[in-house]
Amino acid sequence: MTKLAARVASVAGSRTSGARNKARLLSAQGRNVVNFAAGELASLPPTGVLAATSEALSHATNRYTDTAGIPALRDAIAARMSVETGTLVDSDRIVVTNGAKYGLYLTVLAVVEQGDEVLVPAPYWGSLVSQVLLAGGRPVAVDTTENDFRLTRELLERHATDRTKAILVNTPNNPTGAVYPAEDLREIADWAAERDVWLVSDECYSSLVHPPARHVSLLSVAPHVQERLVTVNSFSKSFAVTGWRIGYVHAAPAVVDAMKKMQSHTTSHASSVVQHGLVSAAAGAEDAFRADVLVTLARSRSLVADRLGRIPHLRFRFPDGAFYFFVDCRDALGRSHQGRRITDADVLADMLLEHAAVAVVPGSAFGLDGFFRLSYAIDEKDILLGLDRLEGFFADVR
Ligand SMILES: Cc1ncc(COP(=O)(O)O)c(C=O)c1O
């Protein structure tokens with residue numbers, strides 16, 4: 001066969017999507033799988049968003065929009081960001097994209113050149129690394145396990161070279177649930193400024209933080225790095241619209257222009273209907289929905305923590321944000337379940353699916369073996385059933 005471009009071989013398909021698909025396939029075959037691998041809320045979007053989106057369908061939203069998104073949505077996003085960050089945000093610096101994922105990809109394409117190194121705190125959401133590879137860059141994983149899953153200046157120093165071009169920060173973090181405090185972010189921002197590197201902040205889970213922790217946006221603590229900072233956010237997780245594919249980016253004018261250029265030749269823009277449907281939500285009309293989601297998630301988080309804490313061979317750090325536990329299963333590795341050796345977390349995840357009908361995502365999907373990710377954004381009855389099954393499985397691990 002005629003050869004494919006080499007860049008295709010530099011990445012594998014998304015492992016989180018892979019785990020999701022595997023669980024779906026088994027469910028379709030009639031197995032009652034508890035899907036802790038989900039990366040999305042179980043609920044429907046807010047009724048106001050559904051109503052506004054159906055309304056948008058019937059009102060001449062069938063045409064192309066501006067490349068960067070409709071002005072009403074960009075204005076609403078900018079106004080909201082201004083309030084939340086205490087920094088005046090100009091809507092000309094906002095680009096609406098097909099999900100945060102595409103916003104991140106456009107960012108990487110805009111700033112990373114062949115051979116450039118990009119520091120990515122590990123564990124990481126896999127697409128961050130794959131996107132750097134697709135752009136011809138070299139992702140450099142910075143293991144944060146020993147620092148409560150947070151990056152420090154010292155870790156950055158240790159991994160930086162004169163090819164370092166950018167740092168990718170993700171707070172609240174997928175998969176660890178860690179939320180960066182202001183002091184850490186300030187330190188990272190100062191370091192980026194000293195080193196003259198780009199700073200990309202993925203804040204997709206910003207609305208999903210449990211008090212007393214609170215989300216701190218890099219822009220709010222480090223406005224002095226605004227020209228080198230790219231902030232990426234999404235409606236996916238906050239309004240339960242992962243399938244609608246809509247996110248946004250805030251960046252300096254040169255980056256915005258670069259992104260618009262590339263977006264105009266690729267996806268053109270995010271869906272017109274969805275853009276119209278989310279204007280009011282972006283302006284704050286659905287804050288009650290967000291609050292309700294947090295209450296439900298807080299209850300699920302306690303439930304999982306309580307039960308998980310009693311399962312042998314598993315440990316975890318209590319997550320402050322997003323909706324994941326990143327479970328340390330290193331103590332189970334090397335042991336056996338019904339005569340089969342658990343050599344790594346990938347094998348463990350397969351065994352959990354096979355023997356306990358529970359889907360989790362192994363840590364290797366996030367660049368770190370010895371852990372698995374468990375989402376608690378699923379129905380409470382599924383959580384309880386899944387925990388019973390996990391307990392049963394690990395009772396049999398020796
Ligand atoms: C850390 C992180 N960034 C970005 C995304 C992409 O979100 P979106 O659905 O807006 O593309 C995800 C989705 O799982 C994520 O976990």
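Every number for a ligand or one of its atoms is a count from 1 in the order of the listing. Source: prediction; values computed, not measured. FYI, side chains are in, hydrogens and waters are out, and symmetry mates aren't considered; it's all heavy atoms of this structure.
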So for [X], does at least one of its heavy atoms come nearer than 4.0 angstrom to any atom of ligand 1?
{"X": "Ser236", "value": "yes"}
{"X": "Glu40", "value": "no"}
{"X": "Cys204", "value": "yes"}
{"X": "Tyr102", "value": "no"}

Hey, are [Y] and [X] close enough side-chain-wise for a donor-acceptor pair under 3.5 Å?
{"X": "Asn147", "Y": "Thr152", "result": "no"}
{"X": "His215", "Y": "Glu203", "result": "yes"}
{"X": "Ser27", "Y": "Asn32", "result": "no"}
{"X": "Asp75", "Y": "Ser91", "result": "yes"}
{"X": "Thr266", "Y": "Tyr102", "result": "yes"}
{"X": "Thr171", "Y": "Asn173", "result": "no"}
{"X": "Glu84", "Y": "Ser220", "result": "no"}

Would you call the rings of Phe318 and Phe325 parallel, tilted or perpendicular, where under 30° means parallel and over 60° means perpendicular?
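Perpendicular, since the angle between the ring planes exceeds 60°.
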Residue, atom name and distance, where the atom is the protein heavy atom closest to [atom]:
{"atom": "atom 1 (C) of ligand 1", "answer": "Asp202 OD2, 3.3 Å"}
{"atom": "atom 14 (O) of ligand 1", "answer": "Lys237 NZ, 2.7 Å"}
{"atom": "atom 7 (O) of ligand 1", "answer": "Ala100 CB, 3.9 Å"}
{"atom": "atom 11 (O) of ligand 1", "answer": "Arg245 NH2, 2.7 Å"}

Those atoms of ligand 1 less than 4.0 Å from some heavy atom in [X]:
{"X": "Ser234", "value": "8 (P), 10 (O)"}
{"X": "Asn174", "value": "1 (C), 15 (C), 16 (O)"}
{"X": "Asn170", "value": "1 (C)"}
{"X": "Gly99", "value": "10 (O), 11 (O)"}

What part of Tyr205, side chain, backbone, both or neither, has a heavy atom within less than 4.0 angstrom of ligand 1?
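For Tyr205, the contact with ligand 1 is made by the side chain alone.
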Could you work out the complete set of other residues in the hydrophobic cluster of Leu44, with links drawn between I, L, V, M, F, W and Y side chains under 4.5 Å apart?
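None; Leu44 is a cluster of one.
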Counting heavy atoms only, which of Tyr105, Tyr324, Trp125 comes nearest to atom 5 (C) of ligand 1?
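Comparing heavy atoms across Tyr105, Tyr324, Trp125, the nearest one to atom 5 (C) of ligand 1 lies in Trp125.
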Axial cation check for Tyr376 ring with Arg301, 6.0 Å and 45° limits:
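The answer is no, since Arg301 fails at least one limit relative to Tyr376.
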Geometric N/O contact Leu104 with ligand 1, under 3.5 angstrom:
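There is no such contact.
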